[in-house]
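Predicted model only: the values in this text are computed from it and were never measured.
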Amino acid sequence: MVRGHGVGGDASLRRHAVWPLGGSRGSQRQTPKVGKLVMAKDPICGMDVLPEEAAGTSRYKGLDYYFCAVGCKEAFDKSPEQYVTEQFKVQGSTFKPPDTVDQGSRTLRVVEIPIRGMTCASCVARIEDGLSRLSGVEAASVNFATQQATISYDSERVTINRIVQEVRELGYEVAVAELVLPIRGMSCASCVQHIEQALAIVPGVVSASVNFATERASVAYLASVTHPADLRQSIEQAGYHVADEAAAATTPDQKQTIADAEIRLLRTKFLVGTALSLPVLVGSFPDWFPWAPAPLSDPYVLLVLTTPVQFWVGRQFHRGFWASLKHRTADMNTLVSIGTNAAYLYSAALTLFPASIAPAGMGAMTYYDTAAVLMTLIVMGRWLEAKAKGRTSEAIKKLIGLRAKTARVIRGDLTQDIPVEEVRVGDLVLVRPGEKVPVDGIIREGQSALDESMLTGESFPVDKGPGDQVIGATVNKMGSFKFEATKVGRETVLAQIVRLVEQAQGSKAPIQRLVDKIAGVFVPIVLVIAVVTFGVWLMFGGEQAFLIALSNFVAVLVIACPCALGLATPTSIMVGIGKGAEHGILIKNAESLERAYQVNTIIFDKTGTLTIGQPVVTDVVSSFESRVSSFEPETLLRLAASAEQGSEHPLGQAIIDHAKATGLDLAEPQEFKATPGHGIRAIVEGREVLLGNVALMQQRGIDLYGMDGQAEVLSGDGKTPMFVAVDARLVGIIAVADVVKPNSRVVVAALHDLGIEVVMITGDTRRTAEAIARQVGIDRVLAEVLPEHKALEVRRLQEQEKLVAMVGDGINDAPALAQADVGVAIGTGTDVAMEAADITLIGGDLRSIVTALQLSRLTVQNIRQNLFWAFAYNVILIPVAAGVLYPLFGMLLSPVVAGAAMALSSVTVVSNALRLRRFRPMVVAATS
């Protein structure tokens, strides 16, 4: 009925045979031997089936099922869960799944992992050897044809996650599926730990991360082993609810509608709770409020007023407590429900059965005010917290608000306005002045200037013409144009940015993982403290021992709710990543944001990063001879550019572009000949033009008139000088260089001010590299580095205990970007570089690097502030609630005050995170 457990040989043979596992470890692995064939059992009719002769096969929850007839398969596929008997369910049973094998006291599991990046048989041997050396792996077999590894491992000693990590460390990639699940029912940070633990034990899960602030779980898993339904089931069994696929696919506007509805419900509950709690508070203390009507003090009236507060206003806490109780876990709901129910049920019992309780020597004082006011305050905190959390995703709302609502599409002879969602790839779209570009595309007709600040943060309009790319949501400032739609819907740049920001906001920083672990054990510890507090006060509390013990018990439970711990990190991360997006900085995940805080060394690739990436003419110098003969510089440039029209060399193209930009009319060369490594010769308007280096001039016997010294000076400045001779006479020099970007120097200075070492890496000669470095103020240069060695240079700096950020834009920068602790890609560069990077600067403005580092530092500082207050609040106030100050000052903490403090702690943490919304980047002025 199921796949066999073999670890070697042909894939079809492994499916049907059981192999003896084990043998020697390390590189000398025992070769599995074929055992007897396994007969499968049809789960519908129970008939034995030889797998290779089965009429059909179905895969369910990572296992293969074989059928004797097509009808059995069809019945199984309609409802597989009812045919998979209890013996195959792992949870709550001693059954070991068919992909496990007993070996003594151990249970070995067999898993198939798809691997990408193998190129030859040596890759197979490398992976097999690496995995076999991993502790806990008993055998590993890699099939190059199927690109899969079949691994037998001891699940007690090694996890799937560690196996996948080992494959990646060997230089290969594991094809894992990723899924984001919206979760309902979380109440605090301990819920995060419960869900992550539930997901981690699902076979095939590589990693699971739950974000309390966004209420989402991000799961990476092996699709060959597990299924999304298994992940949902695991979460449901842990006591939480997974929103259905329709809810997960809702638009941001719909998500906002759902969030607004939740906020309104909490507000209604708070108002109802307040309306009922105030009379309860007044009636519970007639000595304080002598003007209150006498019936208000009647215990039965107080019971009637408190009951709806306890069970309707606080319904979500009791439901959460019941769910966690069923799964033997504890969270914030546990603390709130136990605390308020203790006060309410004691008061109700005293009201309904006074004779049974009063003789026991206990006072007849009820705690309806504690239960009602406490529940109302906690709901108030939830309401304020929900409102504040809604503001953390303001960056997403702003990005979404940039979209155009309609598009003017030309289809045939008809021009019509349609919703932007209906635009199709290939449509011709008309954009008039002042309108937003609806989708991404390429201009086919017309010219204009577009405001692209929504992407780049650069306020200056960008000139666009036929063949230029336009991005949806940018604003057309002047002129009309028509463009062809190339990307629509979820494929547009804006949609991708929104998606990346959402994913990053939902990711988890390393510091948050530690907090979640603490929160996972925090609630059980608090329960113990509360019980001990109750017991101590019950023994030593004097005449009112029970009442004091109950009050302190409730105070400890309520004040210790770990909501603030759960919100401290993710709220700051959400705001920080959102502010980055507003300034044209895409941060891949929370870990990248946190690592950027620690960066102390930045490596800049030269070409295309510090420089503009293409050569331009910097100098046109006439010779003395040409000046004497009145040979104008414009004539020198025009003849040189005309001669270069027969060349495809980038230096020649730079001369042509400069001449055209100057407004010169170029002539077609009658003859053209290129001499590799020297230059060119051409006949232009009957005149012989030579353009090249010193060697070409000497070969032709051209007198340099001492200008070779001037060429040396230009070369020392990182420029490439080219001599120009007309009719065998030197007329001047044209210098070409890849010039530095306008902001490069001030950005380097700003990084130095932040205490960061700046390094430049390039494949250019050291002389040229040092010339550029002098221009921008960089002290350390790594020159003449081959593209494949850039990652090695990054690693060498890391070995010097430096935390390195690498900034680049080209395909050859991708390995170095991946090797660096923080990879920063220039968004105007290649998609490959952007994919490998941790941070992407959308517009290519180097000033954004300074902004990204500032934002990282402020965000981490904000997180630390939040964690300090969250921990300090619990460490200080839990002992106070337990009554440690009573022997010294005679002071006890009222449960009502504890509830208010708990609500205030969460609101304080979220409000502190929202201060990041006021972030403004350091002003770095451009230089000319």
Side-chain angles (χ1 to χ4, degrees), residues 186-189 192 211-216 252 255-256 258-260 262-264 266-267 270 377-401 457 498 501-509 511-512 515 561-583 585-587 589-590 593-594 596-597 851-873 900-922:
M186 291 193 294
S187 58
C188 64
V192 171
N211 189 299
F212 178 48
T214 59
E215 297 184 312
R216 288 174 176 265
K255 292 177 184 177
Q256 185 61 45
I258 294 171
D260 290 342
E262 181 184 357
I263 292 172
R264 284 195 301 271
L266 288 171
R267 177 176 176 272
F270 166 64
L377 286 172
I378 294 172
V379 170
M380 180 196 72
R382 278 299 185 87
W383 171 47
L384 295 175
E385 178 188 309
K387 288 180 64 179
K389 281 167 64 178
R391 293 197 296 271
T392 61
S393 58
E394 192 167 301
I396 293 289
K397 298 174 190 173
K398 286 183 178 179
L399 287 171
I400 293 169
V498 170
V501 173
E502 284 182 326
Q503 291 172 357
Q505 287 184 331
S507 62
K508 185 175 294 187
I511 193 171
Q512 178 65 21
V515 173
C561 292
C563 302
L565 284 177
L567 293 168
T569 299
T571 48
S572 297
I573 292 294
M574 288 179 68
V575 179
I577 288 175
K579 291 303 293 184
E582 289 181 20
H583 291 90
I585 303 165
L586 282 185
I587 302 170
N589 50 45
L593 185 66
E594 186 175 333
Y597 164 78
T851 301
L853 293 175
Q854 284 182 292
L855 187 59
S856 171
R857 295 185 176 193
L858 287 175
T859 303
V860 173
Q861 289 173 5
N862 192 272
I863 290 172
R864 289 179 173 177
Q865 292 166 1
N866 285 347
L867 290 175
F868 169 79
W869 287 113
F871 278 110
Y873 160 84
M902 186 274 286
L904 182 62
S905 69
S906 296
V907 175
T908 300
V909 164
V910 177
S911 299
N912 186 54
L914 291 176
R915 290 193 307 113
L916 286 171
R917 294 168 60 201
R918 300 199 296 266
F919 168 77
R920 294 291 181 271
M922 177 190 295

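Contact detail for Ile263 and Trp383: the closest heavy-atom pair is O-CD1, 3.5 Å. Residues Ala590 and Ile573 approach most closely at CB-CG2, 3.7 Å, considering heavy atoms. Scanning all heavy atoms of the two residues, the minimum distance from Tyr597 to Val860 falls at CB-CG2, 3.6 Å. Taking every heavy atom of both residues into account, Leu916 and Gly576 meet most closely at CD1-N, 4.3 Å.
The CG atom of Leu855 sits 10.5 Å away from the CG atom of Asn862 when rounded to the nearest 0.5 Å. With rounding to the nearest 0.5 angstrom, the CE atom of Met574 is 10.0 Å from the CG atom of Leu914. Considering CG of Asn912 and CG of Asn866, their distance stands at 4.5 Å, rounded to 0.5 Å. A distance of 9.0 Å separates CD1 in Ile585 from CD in Gln854, rounded to the nearest 0.5 Å. From Leu593, atom CG reaches atom CG of Leu853 across 10.5 Å, with rounding to the nearest 0.5 Å. Here NZ of Lys579 is found 10.5 Å from CZ of Arg918. Values are rounded to the nearest 0.5 Å.
Put simply, the side chain of Ser572 never gets that close to the backbone of Ala913: no donor and acceptor are under 3.5 Å apart.
Classification of the His583-Phe919 ring pair by plane angle, with boundaries at 30° and 60°, yields perpendicular.
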